Every structure is written in C-alpha cells, then in structure tokens.
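Take a look at the structure below.
Below, chains carry the letters A, B, ... as their sequence lines are ordered, and counting in each starts from 1. Since the structure is predicted, the reported quantities are computational estimates derived from the model, not experimental observations.
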2 protein chains.
Amino acid sequence: MNLIFKALADPTRREILRLLGRSEMTAGELAQHFDMTKPSMSHHFSVLKDADLIRSRREGQQIWYSLNTTVLQDVFTWAWDLIADARRKEVQTP
Amino acid sequence: MNLIFKALADPTRREILRLLGRSEMTAGELAQHFDMTKPSMSHHFSVLKDADLIRSRREGQQIWYSLNTTVLQDVFTWAWDLIADARRKEVQTP
DNA sequence: CCTCTATTTAGACGCCTGTCTAATTGTCTC
DNA sequence: GAGACAATTAGACAGGCGTCTAAATAGAGG
C-alpha cells in the first residue's frame, strides 16, 4: 500500500494514469504529453510499475503501457473504508 | 488535489486518518500510538490540515482532531473515475 | 553487421521531507 | 503572576525524490 500512495503523490504520474485510463499507449506517446526528458518519464513509468499500477508489454521496438485497475480498486476501497468508519461513528451518536 | 496525495504518501499520516475514522482524538492521544516525538507528530498534523484532510478545534489546553470526509470523497471519486474510464474502454472493444 | 529508432540505465545534483532537540505559545490552577 | 501541562514553532540534518545529461540496451531493416 505504501508503494501505491508514494507513486500517486506525483502529479505527472497521476496524469500518466489518467491518460492510460483512456487507452493503452507506448512510452513515446506518453512522453509527448509532458514537457520532460524521456529518461525522466521512464523513471516515472518504473515507479508506477513497482507499485503495480501499470503493466507493460514490448511490441517490437516499442513498449506499451496499460492501467492495472486492480490496484486502483485497493485505493478506492481504502478511501471507502475510512469514510464508512467515520459515517458509522456519526450514526451511533446523532 | 496535489496536497491531498502528498499528505497520503506517508504511512504515519494514513494511520492517523484511520484512527480518526474511529473517533475524534486529541493531539496527545494520537501521539501515544506512535513511536515518535510530539513535534514530529505535530508536523504530520499540520500536513494533514493543509490538505484539509483533518479539522481541529481547541478545548482548553488540548486540541481535538477529526476526519474531514469530504476531501476523502474526492480521493474516492478520483479513483472511481479512473477505473470507470478503463472499464468503458474495455466494453467498447470486447 | 551497421545504423537508426525506441527506451531504459547510470550517475549527478538540488530540493523537498521526515525526524530530532530546543525554545515558544496557549491555557488552567493556585 | 508563577508553575505546570498540552501542543506548536524554529532550526538543523540526513535521506529520499524528481530531474537532467550521457551512455547503454533492444529490436527493425537494410
């Protein structure tokens, strides 16, 4: 869980996830959307991969990245549980 | 949104949120749950407050902290939208 | 095998962050 | 007002993080 939230803490990486939510993309296509060198982008990819937020597969010279929604659901659930806890407490003492 | 995710990137702060989900607590009570000095805890409180993830009110010498679920819902929604995007794409190309 | 393209790895650098100790602020009680 | 208690602010410091340039790897195609 820590790797996931660490990965989400950077705005560039969150934007990468948003783009990948729309469609699978190659490293190069993704890089075009940002004012940053390719090595920097590659670093962000690796952080997201380590957190298992994205998956990659090579196709010829290019590498295709895609979103792994399973891990995103963990984030979703984490936030939900916290809110649910707080709500439960409110109901007990109205 | 950036302050929120930055705040969530630290495990100590996520644990603080979990505790506050169960019940409102004073700074001192919270600090007891962690192996850390009170100034360090105070720093974490301030990061969470800046992100508006928690609210505080003074009562005598003590300061009570509570969860602000509104902002947590933003996180919830953010994750949801991303997952929804990915799902929509899957359905279009089955 | 050489070269071109796509991408990553290595290493360096400055800034941001989490932690600490010491000092300060705010509040209650005598 | 003095002392005690709760909590924060100030300042210092090590380690982590995001970015860059330069070099390396991987594959495609002559």
- B/Ile16 versus B/Leu53: any side-chain heavy-atom pair under 4.5 Å? no
- Task: Compare side-chain N and O positions of A/Thr37 against OP1 and OP2 of D/dC20 and report whether any pair is under 4.0 Å apart.
- Result: yes
- Message: Need one value for A/Met36: base, sugar-phosphate or nothing, where a base atom within 4.0 Å counts as base even if backbone is also close, heavy atoms only.
- Response: sugar-phosphate
- Can you name the residues that form a salt bridge (charged side-chain N to carboxylate O under 4.0 Å, His left out) with A/Arg58, not counting sequence neighbours? none
- Do B/Trp78 and B/Asp74 touch side chain to side chain, with heavy atoms closer than 4.5 Å? no
- Starting at the 5' end of nucleotides 9-17 of chain D, put B wherever the base has a protein heavy atom under 4.0 Å, S where only the sugar-phosphate does, and a dash everywhere else. B-------S
- Message: Do A/Leu30 and A/Leu20 have side chains that approach each other closer than 4.5 Å (heavy atoms only, starting at C-beta)?
- Response: yes
- Whole-Å distance separating the CE atom of B/Met41 from the P atom of D/dT8: 10 Å
- Note on the structure: A/Thr26 and A/Gln62 have their tightest heavy-atom pair at CG2-OE1, 3.1 Å
- Short question: side chain of A/Ser42, backbone of A/Lys38 - any donor-acceptor pair under 3.5 Å? no
- Query: So how far off straight is the helix from C/dC1-D/dG30 to C/dC30-D/dG1, going by the axes through five pairs at either end, to 10°?
  - Reply: 20°
- Task: Would you please confirm or rule out a distance under 4.0 Å between OP1 or OP2 of D/dT8 and any side-chain N or O of B/Tyr65?
- Result: yes
- Item | B/Ile4 side chain reached by B/Leu8 side chain, heavy atoms, under 4.5 Å | yes
- Query: For B/Trp80, does the CH2 atom have more than 12 heavy-atom neighbours from other residues, nucleotides or ligands under 6.0 Å away?
  - Reply: no
- Atom pair CG (B/Leu17) and OH (B/Tyr65), whose distance is rounded to the nearest 0.5 Å: 12.5 Å
Using residues 43-50 of chain A as the side-chain source, report each donor-acceptor pair under 3.5 Å to any protein atom, sequence neighbours left out, with the distance given to one decimal.
unit_1, atom_1, unit_2, atom_2, d
A/His44, ND1, A/Arg13, NH1, 3.1
A/Ser46, OG, A/His43, O, 3.4
A/Lys49, NZ, A/Ser56, OG, 3.0

- Query: In residues 55-63 of chain B, what residues come within less than 4.0 Å of DNA chain D, judged by heavy atoms?
  - Reply: B/Gln61, B/Gln62, B/Ile63
- Note on the structure: Span of DNA chain C engaged by chain A, first through last nucleotide within the 4.0 Å heavy-atom cut-off, is C/dT5 to C/dT9
- Item | Closest non-hydrogen atom pair, B/Glu24 against B/Ser66 | CG-CB, 3.7 Å
